[in-house]
Trainee: 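Pasting in a structure now, in structure tokens, and then I'll have a few things to ask.
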Amino acid sequence: MDQVKVGSFLKELRKEKNLTQENLAEQLNVSGRTISRWETGSNMPDIGMLVEIADFYGVSIPEIINGERKSENMNQETRVAAAAMAEYSRNEVKNSRQMAAGTLLSAFGLFVIVSALTVFPNESSWGSIYAVLGSIFLIIGVSFLLRKWIAKRKVRVLTIIGCMILLLAVFSVSDYIAVKYFQQVPRFRYETRYDSNKPDQLVYKTLFFTAIRKNPGTGKEKLYIAK
């Protein structure tokens with residue numbers, strides 16, 4: 001036990017109550033000299049007096065012996081722990097909301113894409129418009145989900161770019177299959193060209209190939225990919 005530390009603590013407690021050594025001596029029925037010896041650490045109260053001092057100051061005997069308010073330290077630690085737990089809880093709620101939003105947006109995006117590809121005919125530009133719109137929702141949803149799964153921002157960005165490339169590849173392949181095997185015009189065309197010198201054909205340009213439609217609207221209609 002550090003008697004000097006105990007004495008300093010007793011002195012601090014007395015000052016908190018705005019008492020002089022003489023005032024305290026009267027309260028405890030001891031001499032002012034005794035109080036002075038306690039506070040300098042040259043002498044310590046006996047066990048009976050410790051109980052009375054602890055009750056008078058509203059502290060515990062272990063706190064007096066240790067020369068510090070353990071409860072304050074514990075309260076501080078409790079506040080720090082509580083703040084950390086609150087922050088953790090807020091992060092968990094935020095992550096849960098992001099996961100829910102990501103899942104809903106991704107599902108909605110896929111629904112829009114599938115609906116656009118099945119409901120609208122290839123000749124209609126609305127199919128490609130809604131498919132692109134659904135892709136945007138899908139990418140946003142995936143970005144929310146990746147925040148939970150991948151910590152590094154650079155990796156998330158690369159993953160999102162990979163998803164965009166994958167969607168582009170899926171749309172391009174679906175167009176290629178539609179033209180080559182089902183005689184349907186490419187849905188994701190960016191240009192439809194009519195050549196007056198060749199009035200019997202239409203040209204559809206996509207990012208990766210060009211499709212030619214000969215004799216449109218007739219029994220001799222033929223659609224093929226230009227070489």
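Nothing here was measured: the structure is a model prediction, and the numbers come from that model. For the single chain, residues carry numbers from 1 onward in sequence order.
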Trainee: Could you tell me which residues satisfy side chain to side chain contact (heavy atoms under 4.5 Å, CB included) with R33, sequence neighbours excluded, listed by chain and number?
Mentor: S31, R37

Trainee: Name all residues meeting the side chain to side chain contact (heavy atoms under 4.5 Å, CB included) criterion together with I53; count only those two or more places apart in sequence or in a different chain, and write none if there are none.
Mentor: L10, L28, W38, P45, M49, Y57, I64

Trainee: Is the F209 ring parallel, tilted or perpendicular to the Y176 ring (thresholds 30°, 60°)?
Mentor: perpendicular

Trainee: With a 4.5 Å limit on heavy-atom distance, are the side chains of S128 and F171 in contact?
Mentor: no

Trainee: Heavy-atom distance under 4.5 Å between the side chains of I65 and V6, does that happen here?
Mentor: no

Trainee: Identify whether the distance between the nearest side-chain nitrogen and carboxylate oxygen of E221 and K214 falls below 4.0 Å.
Mentor: no

Trainee: Any chance CE of M164 has more than 12 other-residue heavy atoms, nucleotides or ligands included, within less than 6.0 Å?
Mentor: no

Trainee: Listed by chain and number, what are the side chain to side chain contact (heavy atoms under 4.5 Å, CB included) partners of P199, not counting sequence neighbours?
Mentor: Y194

Trainee: In terms of heavy-atom contacts, does OH of Y190 have more than 12 from other residues, nucleotides or ligands at under 6.0 Å?
Mentor: yes

Trainee: Using side chain to side chain contact (heavy atoms under 4.5 Å, CB included) as the criterion, point out the one residue from V157, T159, L158 that pairs with V155.
Mentor: T159

Trainee: Could you tell me whether a side-chain N or O of R189 sits under 3.5 Å from a main-chain N or O of P186, the two making a donor and an acceptor?
Mentor: yes

Trainee: For residues F9 and E39, determine if any side-chain heavy atom of one lies less than 4.5 Å from a side-chain heavy atom of the other.
Mentor: no

Trainee: Between T20 and N23, is the side chain to side chain donor-acceptor pair (under 3.5 Å) condition met? List the steps.
Mentor: CA-CA 5 Å; T20 63; N23 296 147; 2.9 Å; yes

